[in-house]
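No hydrogens, no waters, no symmetry mates; every other heavy atom, side chains included, goes into these values.
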Amino acid sequence: MGALIAVGALTTTTWADGVDQLPANERKIYEVVDPQVPLGASAYKDFKPKKGPPWKIGYASSYAGNTWRAAALDAVMNDLLPRSKEAGLVSEVVVTQSDLKDAVQIQQMRQMVDDGVDAIIICCSNVTALNQTIEYAYKAGVPVFSFSGYVTSPYAINGAANHAQGGGEMATWLADKIGKKGNVLLVSGIPGFASSDSFDKAAKDALAKYPDIKIVGEVAGKWTDQVAQVEVQKFLATNPTQIDGILTQGAQENGVLNAMLQSGRDMVPITLGGEASAACYWRQNPEWIDAGFHIWPPRREMQQMWEIMLRTLQGQGPKVQSVLRPVLPFAIDDVRAAIPEDCDLNSTDFVEPKADGWFPSAIADQYFERPADPWKPVAQ
């Protein structure tokens with residue numbers, strides 16, 4: 001990673017390698033970023049796999065208990081894997097989940113390496129806990145790809161949205177929406193996990209710029225609607241203070257919404273990250289808010305990581321350790337186009353960017369030394 005240079009009250013970042021190799025339009029994505037995100041050159045610039053395709057892939061997930069994880073896994077099993085099999089690129093995917101236990105995820109990853117996988121995708125873990133295991137995989141010729149979050153190991157490739165940018169943008173939007181004054185409830189994801197902490201820190205920094213806004217409470221929704229609903233209900237029941245807006249991470253906004261609806265309080269602006277259920281409420285109440293934000297689109301983020309993995313296994317040479325995507329705002333018209341008027345307030349689906357709207361090939365090519373179509377079928 002590069003050096004920090006103080007310019008008056010501002011801090012900017014320069015990189016001696018890695019991000020500096022990207023074109024200017026992509027470097028802008030990294031101007032506001034969690035300082036722990038590795039931004040140097042990738043260890044896989046000259047990587048060649050142990051064998052040619054079809055490859056065996058491991059997917060070591062840390063959790064399976066929410067709709068977001070289900071959508072990401074659905075993208076693998078019902079889209080990316082079938083397409084990869086048809087192209088002769090992937091033979092199978094071995095899936096595990098560790099129920100948020102680092103030691104279990106470590107054991108599962110080591111077993112995958114010992115069983116001969118050619119690459120491992122992980123989601124979504126502590127930033128340092130897996131580093132020794134990632135190095136173990138690297139020494140065995142097995143690259144590790146951290147999906148929708150990041151790890152600090154130099155032997156991993158991270159792929160995600162810029163969650164710090166997302167936290168800052170969503171907090172700034174909420175501040176404007178409540179007139180730059182009032183009380184805010186912050187609903188975190190899973191504290192200690194990369195994307196959750198990155199979002200929260202940036203969100204708090206953004207709200208700190210508004211002296212008349214106060215964060216009056218913080219609860220952890222664990223990226224799960226049922227958990228978020230219970231935690232927000234408990235907070236509202238035991239804290240009669242007025243709430244003017246709720247800043248929540250994704251995959252739990254419907255739980256937050258339901259807690260407010262059942263509280264008897266007047267509805268307030270709530271940040272939306274793409275759950276179709278909460279988007280349905282917006283569709284039916286178009287004056288409620290004026291923007292949502294794609295920060296965690298599960299199928300698009302998984303496709304991003306999958307294609308980075310394929311390109312790396314094909315020897316295309318990733319330039320950087322972390323491939324970040326900018327936050328994409330979406331409007332009520334996007335919601336109307338995605339879900340019907342008689343939409344389901346309890347849907348487990350997501351409103352997501354179009355397939356080519358998150359990490360299109362023309363952009364992806366800029367992150368690799370020797371770019372090529374990752375889906376080109378292998379001659380049999």
- request: Can you measure from CG (Leu345) to CD (Gln284) and round to the nearest 0.5 angstrom?
  value: 5.0 Å
task: Find the distance between CZ (Arg370) and CZ (Arg311) and round it off to the nearest 0.5 Å.
output: 12.5 Å
field: Lys/Arg-Asp/Glu bridge criterion (N-O < 4.0 Å) met for Asp99, Lys101
entry: yes
message: Assess whether a salt bridge exists between Lys201 and Asp205, defined as any Lys/Arg side-chain N lying under 4.0 Å from an Asp/Glu carboxylate O.
response: yes
query: Would you call Asp334-Arg283 a salt bridge at under 4.0 Å N-O?
result: no
- prompt: Same cluster for Val151 and Tyr63 if Ile/Leu/Val/Met/Phe/Trp/Tyr side chains link at under 4.5 Å?
  reply: no
- prompt: For Asp266, does the CG atom sit with more than 12 other heavy atoms under 6.0 Å from it, leaving out its own atoms?
  reply: no
statement: d(Ile246 CD1, Leu185 CG) to nearest 0.5 Å is 5.0 Å
field: Between Trp68 and Ser148, a side-chain donor and acceptor under 3.5 Å
entry: no
message: Under the side-chain hydrogen bond (donor to acceptor under 3.5 Å, both in side chains) test against Arg299, which residue among Asn78, Asp79, Asp349 passes?
response: Asp349
field: Pair Glu369 + Lys319, salt bridge at N-O below 4.0 Å
entry: no
- request: Decide whether a cation-pi geometry holds between Arg325 and Phe359; the criteria are a distance under 6.0 Å from NZ or CZ to the six-membered ring centre and an angle within 45° of the ring axis.
  value: no
- request: Specify whether Tyr367 and Tyr30 have parallel, tilted or perpendicular ring planes, treating 30° as the upper limit for parallel and 60° as the lower limit for perpendicular.
  value: tilted
task: Tell me, yes or no, whether the heavy-atom count around Lys376 atom NZ, taken from other residues, nucleotides or ligands under 6.0 Å, exceeds 12.
output: no
message: Check Glu86 with Arg83, please: is the shortest side-chain N to carboxylate O separation under 4.0 Å?
response: no
task: Determine the sole option in Phe47, Tyr44, Phe145 for which the ring pair (Phe, Tyr, Trp, His ring centres under 6.0 Å) test with Tyr138 is passed.
output: Tyr44
message: Which residue is it: Trp223, Phe193, Trp296? I am looking for the one with a ring pair (Phe, Tyr, Trp, His ring centres under 6.0 Å) to Phe199.
response: Trp296
- prompt: In this structure, are over 12 heavy atoms from other groups packed under 6.0 Å from Gln132 atom CD?
  reply: no
Where Trp358 and Gln304 come nearest, the two heavy atoms and their spacing: NE1-OE1, 2.8 Å
message: Do Gln262 and Gln233 pair up side chain to side chain, a donor and an acceptor below 3.5 Å, judged on atom types alone?
response: yes
- prompt: Which distance, rounded to the nearest 0.5 Å, do you find between the CG of Leu207 and the OG1 of Thr172?
  reply: 7.5 Å
